[in-house]
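As structure tokens, the structure follows; a few thoughts come after it.
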Amino acid sequence: MILCANFKANKTRQETRAYMAVVESFVSANDISDTIIVFPPFTALDHDPRNVLIGVQNAYPVQNGAYTGEIALEQLEEFGIKTILIGHSERRHVIGETQEQIAAKFRFFADQGFAIVYCVGEPLEVREEGDAALLSYIEKQFEGIDLSYGDLILAYEPVWAIGTGLTPSNRDIELLHGVLRGKTHAPLLYGGSVKVENAGEIMALENVDGVLVGSASLSANDFCEMIAQAAELNTEEENN
Ligand code: PGA
């Protein structure tokens, strides 16, 4: 399993340090073999990770240069960051990144050998139009994206499920993940209102290889609890 914590614009550097101490101790004390990735804000990227990967929520696809307000490869290299989140719904719908910009970012960081967590997902009005509209919307989010990229992790995050407490039915998650599985060998994450109460159930679904967690990951204890649920699923699988 792969479990990602996306802090968004939450937590200070000091809070991130305290958080990492809890999660990293939990991972080593429990011999966790799942992949754990934390995406703190830029200001808290300077962490020397023990057993958890640190990823960046966004970066500009250049080595360095005149891009006010952005950070680029050079700054990431200083902190040894090799993992990036691309195509998150807030980048698409709040910040206004286009598919073209997202694809350029994907190509640049793939060329640099980054692990890329690439997010796709539909807004509510598209979901309400039915399965065909939904699939064609998601298909457009693959324009310019190399789904055979070896270090790709694909996250399905319906826009209407992010931060709302709403989630698709298990059937709908399995349906969409089944379609994604037909397109790529990449691990498939589900994201959107994942919390302690539903993480285990979601991770147990067919073609779900992990979760991308926003709000509920802000509590280190809750995130550790979700990691424990993933570990339990591994044990169940081994015993079957
Ligand atoms: P949420 O966010 O868990 O708060 O719904 C998920 C995400 O945006 O990655």
Side-chain angles (χ1 to χ4, degrees), residues 1-11 15-16 19 23 34-42 44-45 52-59 81 83-97 99 102 105-106 109 114-124 126-127 134 137-138 141 145 152-170 172-173 176-177 180 186-205 208-230:
M1 289 284 163
I2 301 173
L3 293 95
C4 301
N6 176 13
F7 287 0
K8 311 186 180 187
N10 293 296
K11 292 202 188 288
E15 286 165 347
T16 304
Y19 182 98
V23 173
D34 301 279
T35 302
I36 313 299
I37 313 176
V38 176
F39 294 91
F42 290 149
L45 286 175
V52 166
L53 290 167
I54 298 286
V56 68
Q57 296 171 24
N58 177 50
I81 306 290
T83 305
I84 186 167
L85 197 60
I86 296 180
H88 188 276
S89 123
E90 284 142 21
R91 302 287 321 165
R92 293 178 189 271
H93 300 287
V94 181
I95 316 286
E97 276 183 23
Q99 184 59 29
I102 289 168
K105 206 171 272 194
F106 188 101
F109 285 103
F114 271 58
I116 297 176
V117 179
Y118 184 69
C119 307
V120 296
E122 81 291 353
L124 189 58
V126 173
R127 154 81 48 172
L134 190 161
Y137 187 92
I138 304 275
Q141 297 182 320
I145 303 301
L152 170 67
I153 298 167
L154 189 58
Y156 170 55
E157 298 204 298
V159 180
W160 53 272
I162 296 178
T164 58
L166 303 170
T167 48
S169 66
N170 289 346
D172 282 347
I173 296 176
L176 209 286
H177 278 234
L180 298 179
L188 303 177
L189 311 185
Y190 168 79
S193 295
V194 174
K195 46 186 182 281
V196 169
E197 293 75 17
N198 62 14
E201 187 183 329
I202 291 173
M203 287 188 285
L205 296 175
V208 174
D209 304 307
V211 283
L212 173 49
V213 193
S215 343
S217 74
L218 295 176
S219 149
N221 289 336
D222 281 8
F223 192 51
C224 289
E225 174 60 32
M226 292 183 241
I227 296 172
Q229 292 175 2

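In each ligand, atom 1 is the first atom listed, and ligand 1 is the first ligand listed.
In this structure, the separation between CD1 on Ile84 and CD1 on Ile37 is 12.0 Å, given to the nearest 0.5 Å. Rounded to the nearest 0.5 Å, atoms CD1 (Ile153) and OG1 (Thr83) are 7.5 Å apart. To the nearest 0.5 Å, atoms CD1 (Ile145) and CD1 (Ile116) are separated by 8.0 Å.
Atoms of ligand 1 lying under 4.0 Å from at least one heavy atom of Gly192, given by number and element, are 5 (O). Of all atoms in ligand 1, numbered sequentially from 1 with element shown, those under 4.0 Å from a heavy atom of Gly163 are 1 (P), 4 (O), 5 (O). Against a heavy-atom cut-off of under 4.0 Å, Leu212 is close to the following atoms of ligand 1: 9 (O). Interface of His88 with ligand 1, defined as ligand atoms under 4.0 Å from a residue heavy atom, comprises 7 (C), 8 (O), 9 (O). Counting atoms of ligand 1 from 1 in the listed order, those under 4.0 Å from a heavy atom of Ser193 are 1 (P), 3 (O), 5 (O). Near Ala161, meaning under 4.0 Å from one of its heavy atoms, ligand 1 places the atoms 5 (O).
In terms of heavy atoms, Ser217 sits closest to Asn6 at OG-N, 3.7 Å.
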Could you give the side-chain donor-acceptor pairs of residues 194-205 under 3.5 Å, partners two or more places apart or in another chain?
| unit_1 | atom_1 | unit_2 | atom_2 | d |
| --- | --- | --- | --- | --- |
| Asn198 | OD1 | Lys195 | N | 2.7 |
| Asn198 | ND2 | Ser193 | O | 3.0 |
| Glu201 | OE2 | Asn170 | ND2 | 2.7 |

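Counting heavy atoms under 4.0 Å from ligand 1, residue Asn6 touches it through the side chain alone.
Below 3.5 Å of separation, one finds an N or O of Gly214 facing an N or O of ligand 1. At least one N or O atom of Glu157, backbone or side chain, sits closer than 3.5 Å to an N or O atom of ligand 1. In terms of polar-atom proximity, defined here as any N/O pair under 3.5 Å, Gly191 makes no such contact with ligand 1.
Using bins of under 30°, 30° to 60° and over 60° for the plane-to-plane angle, the ring pair Tyr190/His177 lands in the tilted bin.
Here the side chains of Leu188 and Tyr156 are not in contact, with every heavy-atom distance at 4.5 Å or above.
Looking from atom 2 (O) of ligand 1 to the surrounding protein, the closest heavy atom is Lys8 NZ, 3.3 Å. At the top of the distance list for atom 4 (O) of ligand 1, counting protein heavy atoms only, stands Ser215 OG, 2.4 Å.
Gln57 contributes a side-chain N or O that, together with a main-chain N or O of Lys8, makes up a donor-acceptor pair within less than 3.5 Å.
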